[in-house]
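Below is one structure; the comments refer to it alone.
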Amino acid sequence: MSSLNIAQKEAVETTEGPLLVLAGAGAGKTRVIAHRILEIVRRGTTPEHILAITFTNKAATEMKERIISLLQSAPEASRFAAGQQGDAARLASGSLSNFRTSEPFRPPFVSTFHSLGLLIIKENAKLLGYKRTPTIFDRADSLREMKAALKMFDAELEPRAALGMISRMKGQGITSSEFVEKARGYREDVVAKVWPIYDAALRKENALDFDDLLLRAMLLLRDNEEVRGCYQRRWSHVHVDEFQDTNYVQARMMELLLGPTCNVCAVGDVDQTIYGWRGAEIKNIMSFERTFPGAKIVILEENYRSTQTILAAANSVISKNTYRPEKNLFTKNTEGDPISLYQAFDETDEANFIARIVREGLAKGRQPKDFAVLYRANFQSRAVEEALLRADIPYQVLGTKFFERKEVKDALSFVRAAIYDTNADLARIANVPPRGIGKVTLLKILAGKEQELTGATREKVVQLRSLLARIRDAAPKYTPSELMRFVITNSGLEAQFIQDKLEGPERLENLKELVTLAARYDTVDHISNESTHAGLDAFLESAALASDQDELKDEANAVRLMTVHASKGLEFPVVFITGLEEGLFPYAREDEKDADKEEERRLCYVAITRAQHKVYLSYASYRTIFGSKNATIPSQFLSDIPDELLESEMPERLGRTIYLD
């Protein structure tokens with residue numbers, strides 16, 4: 001308790017009943033959750049009866065490590081961790097729901113909402129009508145099935161738009177049958193027709209998409225009293241991190257998991273609600289007291305991350321929002337350097353400025369990983385990448401997910417096709433590497449008409465089936481990493497990339513990284529599960545549920561480039577916030593509402609509070625968008641920051657430049 005401030009201590013010691021912790025940026029919310037769980041254990045609750053939910057695998061892993069480390073080191077809780085072997089990181093790397101040791105210790109269940117939904121569905125698969133654990137469709141799989149469904153009606157609607165509408169509806173707890181009754185207008189009528197076909201395709205593949213993981217789990221908890229009671233008895237204390245990011249289904253899941261005692265701790269920050277566009281409902285956190293009468297509210301305002309100057313700038317920006325509880329961040333850290341402001345001529349000048357400042361920082365002893373470049377839209381990264389390349393500065397762009405790379409998806413599809421016999425995965429790898437299986441042959445395979453194949457074509461299919469059989473037989477004998485090595489070698493992927501002198505080496509490195517990631521699950525004990533084991537299941541689930549932040553390699557010493565949305569929850573010594581121009585940041589929408597304006601301001605607040613020591617703000621007088629160079633207006637957010645907090649950065653050129661339109 002000595003490491004906690006007064007407000008943190010109050011939150012930690014409130015272990016019973018509903019509690020809302022309004023935690024400002026950098027206010028130590030993860031520390032509060034971890035110590036609160038320790039306090040609950042100290043007071044007699046066994047760790048396995050505690051649930052903690054967050055939003056990314058990265059955050060969940062960090063929270064697991066911290067909680068398990070605390071439980072191992074605290075004398076009062078040592079009876080639950082006695083004899084536990086291995087360090088916290090190894091324990092946290094596996095699927096905690098399946099973790100088995102020879103000791104009685106069972107850690108708290110810490111997961112993302114999607115992982116929790118999958119667990120509930122897995123444990124009740126037969127009740128939900130699934131023959132076995134469902135596989136998870138990624139975005140590409142969903143797009144493929146939606147394209148096929150739209151083609152049946154010759155509909156003039158983009159598959160992404162249709163999936164987006166379905167996703168929003170599922171997030172609101174609406175099923176396809178309910179949507180049919182409320183559909184209005186051409187777009188909704190088309191979606192009402194294709195949604196049941198899309199669902200049928202998923203069911204045929206024994207699969208779920210990401211939104212199903214939440215919706216199906218919530219509906220089961222809502223409609224089945226016996227199942228609901230089972231989980232309420234399993235977890236007596238529930239914690240939800242980043243509560244401001246929950247949509248209707250996620251908030252409802254939380255409520256349904258609570259027993260009569262209503263032991264729930266929701267932690268969040270209204271000022272960091274930035275996902276309204278994907279269904280997050282700010283009213284969940286704003287109406288917490290109405291949902292849970294008598295709830296206790298604790299506000300964490302002391303920031304441990306940033307300088308006072310950075311916090312003053314952030315407070316100035318966010319104070320203009322009206323739909324928020326009063327909160328003002330402060331810190332005991334130093335005053336810090338002023339906020340630097342750079343007016344660039346165009347995006348190339350802006351990017352060169354960033355490269356110059358990074359180069360100067362490196363010369364003074366900073367590391368590349370100390371710097372982060374944040375932008376509102378992904379297209380902005382191009383100019384910055386080019387500048388960093390010219391300056392020979394290493395960088396990493398968040399956005400291209402590791403598990404979405406072709407070679408990685410191919411390797412995983414071999415495993416799923418072999419073990420789960422999924423048509424989608426079989427179609428993906430039937431001719432990977434090229435083995436002479438064309439589209440006509442593939443259609444016959446998928447239609448169950450392989451007996452019609454003859455000659456050389458039939459032999460090629462026999463060889464493919466033999467390969468999948470060998471992978472299936474190897475699965476129960478090998479650890480996840482050994483199985484991935486087996487697949488990479490025996491599938492022919494390794495030989496293919498060795499021969500490819502252009503892209504082969506990089507693709508092979510990605511496959512080696514896949515083996516490394518799989519090794520994290522090698523320590524999970526073997527549990528018979530349809531000839532697979534728990535470690536492999538956990539690895540495949542983790543791959544399917546990976547988020548953008550899971551691609552951020554802590555060991556990579558490189559400048560990080562990412563959207564502001566992707567930066568949430570992260571921190572860096574030096575942060576560049578680029579493109580601060582009207583129409584870009586804040587982003588302009590045709591049907592803009594007051595809620596959109598407030599969310600853009602919250603996004604700026606999130607960007608500023610990612611910085612520990614120094615913030616650079618920049619805007620361009622001209623920016624090229626869609627091939628056209630346009631004059632810009634500085635962002636309104638710049639005028640929100642008091643002049644005394646700002647200092648102007650001069651361009652790397654002599655004299656004064658006058659821009660003529």
Side-chain angles (χ1 to χ4, degrees), residues 25-26 271-272 274 303 305-307 309-318 320-321 329 336-344 346-358 361 369-385 387-388 395-399 559-588 599-621 623 632-643 645-649:
D271 293 334
Q272 296 187 69
I274 60 173
N303 176 284
R305 175 188 300 156
S306 309
T307 66
T309 297
I310 292 171
L311 296 184
N315 286 333
S316 298
V317 170
I318 201 62
K320 300 295 179 67
N321 274 2
L329 291 180
D337 296 333
I339 308 290
S340 291
L341 177 61
Y342 183 69
Q343 178 185 359
D346 59 13
E347 64 272 13
T348 301
D349 185 20
E350 181 182 52
N352 289 336
F353 164 73
I354 292 169
R356 170 165 62 90
I357 296 299
V358 172
K369 65 181 179 181
D370 292 340
F371 300 89
V373 182
L374 310 184
Y375 35 80
R376 182 64 181 83
N378 278 304
F379 77 86
Q380 293 173 253
S381 72
R382 181 197 57 80
V384 180
E385 288 186 68
L388 294 176
Y395 67 89
Q396 179 188 7
V397 182
L398 265 71
V559 178
R560 314 304 172 91
L561 278 60
M562 68 192 80
T563 64
V564 181
H565 283 100
S567 74
K568 189 166 172 295
L570 304 177
E571 60 184 44
F572 305 93
V574 182
V575 170
F576 296 89
I577 305 173
T578 66
L580 282 159
E581 300 137 25
E582 287 295 306
L584 182 56
F585 198 5
Y587 195 80
E599 183 155 317
E600 288 294 313
R601 193 172 291 280
R602 292 194 291 268
L603 200 56
C604 184
Y605 168 84
V606 167
I608 294 172
T609 53
R610 298 311 92 201
Q612 296 170 303
H613 307 306
K614 180 69 178 179
V615 173
Y616 291 90
L617 309 176
S618 63
Y619 65 97
S621 299
R623 188 171 295 275
T632 68
I633 300 173
S635 171
Q636 58 190 275
F637 300 149
L638 295 175
S639 60
D640 293 337
I641 302 174
D643 291 341
L645 300 178
L646 296 169
E647 68 174 2
S648 293
E649 287 283 338

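Every residue two or more places apart in sequence or in another chain was checked for a salt bridge (charged side-chain N to carboxylate O under 4.0 Å, His left out) with Asp337, and none qualifies. Partners of Tyr375 by ring pair (Phe, Tyr, Trp, His ring centres under 6.0 Å), not counting sequence neighbours: none found.
The two residues Glu385 and Tyr395 have their closest heavy-atom pair at OE1-OH, 3.0 Å. Counting all heavy atoms, side chain and backbone alike, Ser635 lies closest to Phe585 at OG-O, 2.9 Å. Contact record, Ala387 with Ala355: O-CB, 4.0 Å, taken as the closest heavy-atom pair.
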Task: Derivation of the side-chain contact (heavy atoms from CB on, under 4.5 Å) call for Tyr619 and Leu584 - done: CA-CA 10 Å; Tyr619 65 97; Leu584 182 56; over 6 Å; no
Open item on the list: Determine whether Ile577 and Val575 satisfy the following criterion, side-chain contact (heavy atoms from CB on, under 4.5 Å), listing intermediate values before the conclusion.
Closed with: CA-CA 6 Å; Ile577 305 173; Val575 170; 3.9 Å; yes
- [ ] List the steps, then state whether side-chain contact (heavy atoms from CB on, under 4.5 Å) holds for Val559 with Gln396.
- [x] CA-CA 6 Å; Val559 178; Gln396 179 188 7; over 6 Å; no
- [ ] Show your working on side-chain contact (heavy atoms from CB on, under 4.5 Å) between Val384 and Phe576 and close with a plain yes or no.
- [x] CA-CA 11 Å; Val384 180; Phe576 296 89; over 6 Å; no
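In this structure a side-chain-to-backbone donor-acceptor pair under 3.5 Å is present from Thr563 to Ala566. No side-chain donor-acceptor contact under 3.5 Å links Arg560 to the backbone of Leu398. Side-chain N or O atoms of His565 include one that pairs as donor or acceptor with a backbone N or O of Ile274 at under 3.5 Å. Put simply, the side chain of Lys614 gets close to the backbone of Pro338: a donor and an acceptor are under 3.5 Å apart.
Residues Leu646 and Leu638 form no side-chain contact, since every pair of their non-hydrogen atoms from C-beta on lies 4.5 Å or further apart. No side-chain heavy atom of Glu581 sits less than 4.5 Å from a side-chain heavy atom of Pro634. In this structure, Arg602 and Asn321 have side chains that are in contact, with non-hydrogen atoms separated by less than 4.5 Å. Proximity of Thr578 to Leu374: side-chain heavy atoms (C-beta onward) are nowhere separated by under 4.5 Å. At a threshold of 4.5 Å between non-hydrogen side-chain atoms, the residues Arg610 and Glu571 do not count as touching. For the pair Asp346 and Arg623, the minimum side-chain heavy-atom distance is 4.5 Å or more. Contact of the Val317 side chain with the Arg601 side chain is registered, since non-hydrogen atoms from C-beta on lie closer than 4.5 Å. Counting heavy atoms from C-beta on, the side chains of Tyr616 and Val574 come closer than 4.5 Å.
The line from CG of Asp271 to CG of Leu603 is 12.5 Å long, rounded to the nearest 0.5 Å. Rounded to the nearest 0.5 angstrom, Leu580 CG and Tyr342 OH are separated by 14.5 Å. Separation of atoms CD (Glu599) and OH (Tyr587) is listed at 13.5 Å; rounding is to 0.5 Å. In this structure, Ile641 CD1 and Thr309 OG1 are separated by 11.5 Å, a value rounded to the nearest 0.5 Å. In this structure, Thr632 OG1 and Glu582 CD are separated by 9.5 Å, a value rounded to the nearest 0.5 Å. In this structure, the separation between CD1 on Ile608 and OG on Ser306 is 10.0 Å, given to the nearest 0.5 Å.
When only modelled atom types and interatomic distance are considered, Ser340 and Glu649 share a side-chain donor-acceptor pair under 3.5 Å. The closest side-chain donor-acceptor pair between Tyr605 and Gln272, if any, does not fall under 3.5 angstrom.
When each of Glu350, Glu347, Gln343 is paired with Ser618, the side-chain hydrogen bond (donor to acceptor under 3.5 Å, both in side chains) condition holds for Glu350 and for no other. Applying side-chain contact (heavy atoms from CB on, under 4.5 Å) to Ile310 and the options Val615, Leu329, Leu645, Asn303 leaves one that passes, Val615.
Figure legend: Lys369 and Phe371 shown without cation-pi pairing, the cationic atom not lying both under 6.0 angstrom from the six-membered ring centre and within 45 degrees of its axis.
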